[in-house]
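Below is one structure, written out as C-alpha coordinates; the observations come after it.
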Amino acid sequence: AQSVTQLGSHVSVSEGALVLLRCNYSSSVPPYLFWYVQYPNQGLQLLLKYTSAATLVKGINGFEAEFKKSETSFHLTKPSAHMSDAAEYFCAVTRAHDSARQLTFGSGTQLTVLP
Amino acid sequence: DARVTQTPRHKVTEMGQEVTMRCQPILGHNTVFWYRQTMMQGLELLAYFRNRAPLDDSGMPKDRFSAEMPDATLATLKIQPSEPRDSAVYFCASAPGPTDGTDTQYFGPGTRLTVL
(Lines give C-alpha, C1' and ligand atoms only; values in the text may rest on other atoms or scores of the structure.)
Protein backbone atom coordinates (compact mmCIF):
# COMPACT_ATOMS: atom_id res chain seq x y z
CA ALA A 1 0.00 0.00 0.00
CA GLN A 2 1.10 3.55 -0.56
CA SER A 3 0.15 6.84 1.03
CA VAL A 4 1.02 10.50 0.99
CA THR A 5 1.10 12.98 3.85
CA GLN A 6 1.06 16.68 3.20
CA LEU A 7 2.10 18.67 6.24
CA GLY A 8 0.13 21.85 6.62
CA SER A 9 -3.32 22.13 5.13
CA HIS A 10 -2.84 25.89 4.77
CA VAL A 11 0.35 27.78 3.97
CA SER A 12 0.65 31.56 3.65
CA VAL A 13 3.59 33.36 2.12
CA SER A 14 4.26 36.91 1.08
CA GLU A 15 4.61 37.74 -2.58
CA GLY A 16 8.26 37.26 -3.54
CA ALA A 17 8.98 34.88 -0.67
CA LEU A 18 10.02 31.26 -0.90
CA VAL A 19 7.27 28.70 -1.29
CA LEU A 20 7.78 25.35 0.44
CA LEU A 21 5.02 22.74 0.44
CA ARG A 22 5.83 19.48 2.17
CA CYS A 23 5.03 15.98 1.02
CA ASN A 24 6.12 12.70 2.57
CA TYR A 25 5.26 9.37 1.03
CA SER A 26 5.04 5.79 2.12
CA SER A 27 5.47 3.04 -0.41
CA SER A 28 6.61 -0.55 -0.25
CA VAL A 29 7.98 -0.37 -3.78
CA PRO A 30 9.78 2.38 -5.70
CA PRO A 31 7.34 5.22 -6.21
CA TYR A 32 6.50 7.67 -8.88
CA LEU A 33 5.53 11.02 -7.37
CA PHE A 34 3.47 13.88 -8.72
CA TRP A 35 2.46 17.39 -7.77
CA TYR A 36 -0.83 18.72 -9.08
CA VAL A 37 -2.32 22.21 -8.70
CA GLN A 38 -6.01 23.04 -8.52
CA TYR A 39 -7.25 26.57 -9.12
CA PRO A 40 -10.72 27.51 -7.85
CA ASN A 41 -13.53 25.76 -9.69
CA GLN A 42 -11.13 23.94 -11.98
CA GLY A 43 -9.74 20.46 -12.37
CA LEU A 44 -6.26 19.38 -11.37
CA GLN A 45 -3.28 20.27 -13.52
CA LEU A 46 0.08 18.52 -13.41
CA LEU A 47 2.94 20.67 -12.11
CA LEU A 48 5.71 18.10 -12.22
CA LYS A 49 6.49 14.44 -11.75
CA TYR A 50 9.32 12.20 -10.56
CA THR A 51 9.69 8.95 -12.46
CA SER A 52 13.10 7.71 -11.26
CA ALA A 53 15.28 9.79 -13.57
CA ALA A 54 16.76 12.97 -12.06
CA THR A 55 15.93 13.46 -8.38
CA LEU A 56 15.50 17.21 -8.86
CA VAL A 57 12.50 17.77 -11.04
CA LYS A 58 11.56 21.06 -12.62
CA GLY A 59 7.97 21.80 -13.49
CA ILE A 60 5.81 24.54 -14.86
CA ASN A 61 5.46 28.04 -13.44
CA GLY A 62 8.90 27.96 -11.81
CA PHE A 63 8.16 25.12 -9.40
CA GLU A 64 10.55 22.29 -8.63
CA ALA A 65 10.69 19.34 -6.29
CA GLU A 66 13.43 17.07 -5.03
CA PHE A 67 12.99 13.37 -4.43
CA LYS A 68 14.83 12.30 -1.28
CA LYS A 69 14.60 8.58 -0.73
CA SER A 70 16.33 8.69 2.66
CA GLU A 71 13.72 11.12 3.93
CA THR A 72 10.80 9.68 1.89
CA SER A 73 10.05 13.23 0.87
CA PHE A 74 9.11 15.09 -2.28
CA HIS A 75 8.74 18.72 -1.19
CA LEU A 76 7.62 21.37 -3.67
CA THR A 77 9.45 24.70 -3.82
CA LYS A 78 9.42 27.94 -5.73
CA PRO A 79 12.01 30.66 -5.05
CA SER A 80 9.65 33.60 -5.35
CA ALA A 81 5.88 33.43 -4.88
CA HIS A 82 3.54 35.20 -7.24
CA MET A 83 -0.05 36.16 -6.56
CA SER A 84 -1.13 33.80 -9.32
CA ASP A 85 0.33 30.84 -7.37
CA ALA A 86 -2.56 30.98 -4.90
CA ALA A 87 -4.27 27.61 -5.29
CA GLU A 88 -4.53 24.18 -3.73
CA TYR A 89 -1.65 21.80 -4.27
CA PHE A 90 -1.83 18.02 -4.16
CA CYS A 91 0.97 15.53 -3.87
CA ALA A 92 0.26 12.07 -5.29
CA VAL A 93 2.03 8.72 -5.49
CA THR A 94 1.80 5.66 -7.64
CA ARG A 95 3.89 2.54 -7.79
CA ALA A 96 6.67 2.48 -10.34
CA HIS A 97 5.79 0.30 -13.31
CA ASP A 98 2.24 0.12 -12.11
CA SER A 99 0.25 -0.70 -15.17
CA ALA A 100 -2.90 0.32 -13.35
CA ARG A 101 -1.62 3.88 -12.88
CA GLN A 102 -3.68 4.46 -9.78
CA LEU A 103 -2.78 7.68 -8.02
CA THR A 104 -3.11 8.09 -4.27
CA PHE A 105 -3.50 11.75 -3.37
CA GLY A 106 -2.59 13.65 -0.26
CA SER A 107 -5.13 15.82 1.49
CA GLY A 108 -3.91 18.98 -0.20
CA THR A 109 -2.29 22.25 0.87
CA GLN A 110 -4.03 25.54 0.27
CA LEU A 111 -1.46 28.19 -0.62
CA THR A 112 -2.27 31.83 0.06
CA VAL A 113 -0.01 34.55 -1.31
CA LEU A 114 -0.14 37.82 0.59
CA PRO A 115 0.57 41.11 -1.16
CA ASP B 1 -5.69 22.17 -27.27
CA ALA B 2 -7.03 18.74 -26.30
CA ARG B 3 -8.80 18.54 -22.98
CA VAL B 4 -11.18 16.38 -20.99
CA THR B 5 -14.73 17.66 -21.00
CA GLN B 6 -17.42 16.95 -18.43
CA THR B 7 -21.12 17.65 -18.41
CA PRO B 8 -22.99 19.01 -16.64
CA ARG B 9 -20.70 21.38 -14.75
CA HIS B 10 -23.27 21.82 -12.01
CA LYS B 11 -26.18 19.66 -10.95
CA VAL B 12 -28.68 20.23 -8.18
CA THR B 13 -31.13 17.43 -7.56
CA GLU B 14 -33.37 16.04 -4.88
CA MET B 15 -32.68 12.96 -2.84
CA GLY B 16 -33.81 9.83 -4.60
CA GLN B 17 -33.38 11.15 -8.12
CA GLU B 18 -31.09 9.60 -10.70
CA VAL B 19 -27.99 11.54 -11.66
CA THR B 20 -25.88 10.91 -14.75
CA MET B 21 -22.52 12.58 -15.28
CA ARG B 22 -20.69 12.40 -18.58
CA CYS B 23 -17.07 12.64 -19.56
CA GLN B 24 -15.34 12.88 -22.90
CA PRO B 25 -11.72 11.80 -22.54
CA ILE B 26 -8.95 13.18 -24.69
CA LEU B 27 -8.99 11.47 -28.07
CA GLY B 28 -6.56 8.57 -28.12
CA HIS B 29 -6.30 8.16 -24.35
CA ASN B 30 -6.96 4.59 -23.33
CA THR B 31 -7.48 4.97 -19.58
CA VAL B 32 -10.27 6.88 -17.87
CA PHE B 33 -10.63 7.57 -14.15
CA TRP B 34 -13.50 8.81 -12.02
CA TYR B 35 -12.65 10.69 -8.80
CA ARG B 36 -14.78 12.28 -6.11
CA GLN B 37 -13.62 15.30 -4.12
CA THR B 38 -15.12 16.34 -0.79
CA MET B 39 -13.88 18.51 2.02
CA MET B 40 -13.92 15.61 4.44
CA GLN B 41 -12.43 12.83 2.31
CA GLY B 42 -10.35 14.75 -0.20
CA LEU B 43 -9.80 13.10 -3.58
CA GLU B 44 -10.97 9.51 -3.83
CA LEU B 45 -10.67 7.20 -6.79
CA LEU B 46 -14.05 5.70 -7.59
CA ALA B 47 -13.34 3.63 -10.70
CA TYR B 48 -11.21 3.41 -13.78
CA PHE B 49 -11.29 1.87 -17.22
CA ARG B 50 -8.70 0.78 -19.73
CA ASN B 51 -9.71 0.36 -23.35
CA ARG B 52 -13.32 0.76 -22.17
CA ALA B 53 -13.12 -2.23 -19.82
CA PRO B 54 -13.60 -1.61 -16.09
CA LEU B 55 -10.41 -2.46 -14.19
CA ASP B 56 -11.28 -1.42 -10.68
CA ASP B 57 -14.41 0.02 -9.14
CA SER B 58 -13.65 -0.88 -5.55
CA GLY B 59 -13.91 2.75 -4.49
CA MET B 60 -17.49 3.02 -5.62
CA PRO B 61 -20.60 2.24 -3.54
CA LYS B 62 -21.93 -0.63 -5.62
CA ASP B 63 -25.52 -0.42 -4.55
CA ARG B 64 -26.13 3.01 -6.04
CA PHE B 65 -23.21 3.93 -8.29
CA SER B 66 -22.42 2.58 -11.72
CA ALA B 67 -19.79 3.53 -14.27
CA GLU B 68 -19.65 2.63 -17.95
CA MET B 69 -17.87 3.46 -21.17
CA PRO B 70 -20.37 2.96 -23.99
CA ASP B 71 -17.66 3.92 -26.47
CA ALA B 72 -14.13 5.28 -26.50
CA THR B 73 -15.33 8.89 -26.49
CA LEU B 74 -17.79 8.70 -23.61
CA ALA B 75 -17.62 7.65 -19.98
CA THR B 76 -20.63 7.88 -17.68
CA LEU B 77 -21.08 7.82 -13.92
CA LYS B 78 -24.58 7.22 -12.67
CA ILE B 79 -26.02 7.50 -9.18
CA GLN B 80 -29.41 5.94 -8.51
CA PRO B 81 -30.90 6.82 -6.10
CA SER B 82 -28.90 9.87 -5.07
CA GLU B 83 -28.42 10.82 -1.42
CA PRO B 84 -27.28 14.06 0.25
CA ARG B 85 -23.96 12.41 1.18
CA ASP B 86 -23.19 12.09 -2.55
CA SER B 87 -22.82 15.88 -2.77
CA ALA B 88 -19.29 16.43 -4.04
CA VAL B 89 -17.28 17.41 -7.08
CA TYR B 90 -16.81 14.51 -9.45
CA PHE B 91 -13.77 14.57 -11.70
CA CYS B 92 -13.00 12.56 -14.75
CA ALA B 93 -9.40 12.13 -15.87
CA SER B 94 -7.83 10.40 -18.84
CA ALA B 95 -4.33 9.16 -19.55
CA PRO B 96 -2.50 7.94 -22.63
CA GLY B 97 -0.05 5.03 -22.93
CA PRO B 98 2.53 3.75 -22.07
CA THR B 99 1.58 1.57 -19.17
CA ASP B 100 4.53 2.18 -16.86
CA GLY B 101 2.87 4.73 -14.62
CA THR B 102 4.80 7.73 -15.88
CA ASP B 103 2.09 9.17 -18.03
CA THR B 104 0.12 12.13 -16.83
CA GLN B 105 -3.53 12.05 -15.91
CA TYR B 106 -5.44 14.92 -17.46
CA PHE B 107 -8.37 16.12 -15.42
CA GLY B 108 -11.65 17.56 -16.55
CA PRO B 109 -13.19 20.62 -14.88
CA GLY B 110 -15.49 18.50 -12.73
CA THR B 111 -19.22 18.20 -12.08
CA ARG B 112 -20.36 19.84 -8.87
CA LEU B 113 -23.25 17.76 -7.55
CA THR B 114 -25.60 18.96 -4.83
CA VAL B 115 -28.21 16.54 -3.54
CA LEU B 116 -30.89 18.20 -1.42
Side-chain angles (χ1 to χ4, degrees), chain A residues 1-10 23 25 27-54 57 59-60 65 67 74 87-110, chain B residues 1-10 21 23-26 29-51 53-60 89-112:
Chain A
Q2 55 217 331
S3 65
V4 168
T5 301
Q6 292 185 238
L7 293 175
S9 58
H10 291 83
C23 171
Y25 70 90
S27 179
S28 57
V29 297
Y32 289 161
L33 293 155
F34 304 76
W35 275 100
Y36 280 83
V37 61
Q38 185 179 27
Y39 298 102
N41 300 314
Q42 294 187 27
L44 280 71
Q45 178 184 2
L46 182 71
L47 273 179
L48 49 80
K49 60 184 178 182
Y50 165 76
T51 57
S52 74
V57 181
I60 62 172
F67 173 70
F74 190 56
E88 189 155 21
Y89 292 79
F90 293 91
C91 184
V93 64
T94 190
R95 296 175 300 190
H97 310 296
D98 184 351
S99 62
R101 302 195 208 104
Q102 293 187 62
L103 286 175
T104 300
F105 285 91
S107 55
T109 298
Q110 182 69 47
Chain B
D1 184 22
R3 56 184 65 189
V4 176
T5 59
Q6 290 185 247
T7 57
R9 290 294 312 276
H10 302 272
M21 291 169 272
C23 166
Q24 183 172 16
I26 293 173
H29 284 193
N30 67 0
T31 309
V32 174
F33 304 82
W34 282 105
Y35 291 91
R36 176 171 62 183
Q37 185 178 36
T38 62
M39 290 291 291
M40 294 300 295
Q41 301 296 328
L43 272 160
E44 305 171 279
L45 178 67
L46 296 175
Y48 69 98
F49 296 76
R50 173 158 311 127
N51 297 322
L55 286 192
D56 187 353
D57 61 1
S58 59
M60 210 161 63
V89 181
Y90 291 81
F91 288 105
C92 174
S94 70
T99 59
D100 64 356
T102 64
D103 49 321
T104 299
Q105 292 186 23
Y106 294 83
F107 282 74
T111 294
R112 183 175 296 276

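Quantities reported herein were computed from a predicted structural model and do not represent experimental measurements. In what follows, chains carry the letters A, B, and so on, assigned in the order in which the sequence lines appear, proteins first and then strands, with residues in each chain numbered from 1.
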Which residues pass the side-chain hydrogen bond (donor to acceptor under 3.5 Å, both in side chains) test with A:Asn41, sequence neighbours left out?
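Listed in chain order: nothing, the list is empty.
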Could you pull out the closest heavy-atom pair between A:Leu44 and B:Phe107, with the gap in Å?
O-CB, 3.3 Å
Any side-chain heavy-atom pair of B:Gln37 and A:Phe90 under 4.5 Å
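B:Gln37 vs A:Phe90: side chains touch.
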If I take atom CG from residue A:Leu48 and atom OG1 from residue B:Thr104, how far apart are they, to the nearest 0.5 angstrom?
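One gets 10.0 Å once the value is rounded to the nearest 0.5 Å.
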So, taking the atom named OG in A:Ser107 and the one named CE in B:Met39, what distance separates them when rounded to the nearest 0.5 Å?
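The distance works out to 11.0 Å.
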Please list, chain by chain and in numerical order, all residues satisfying ring-ring contact (aromatic ring centres under 6.0 Å, His included) with B:Phe91, sequence neighbours excluded.
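Per chain and number, B:Phe91 pairs via ring-ring contact (aromatic ring centres under 6.0 Å, His included) with no residue.
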Name the region of A:Gln38, side chain, backbone, both or neither, that has any atom closer than 4.5 Å to a heavy atom of chain B.
side chain
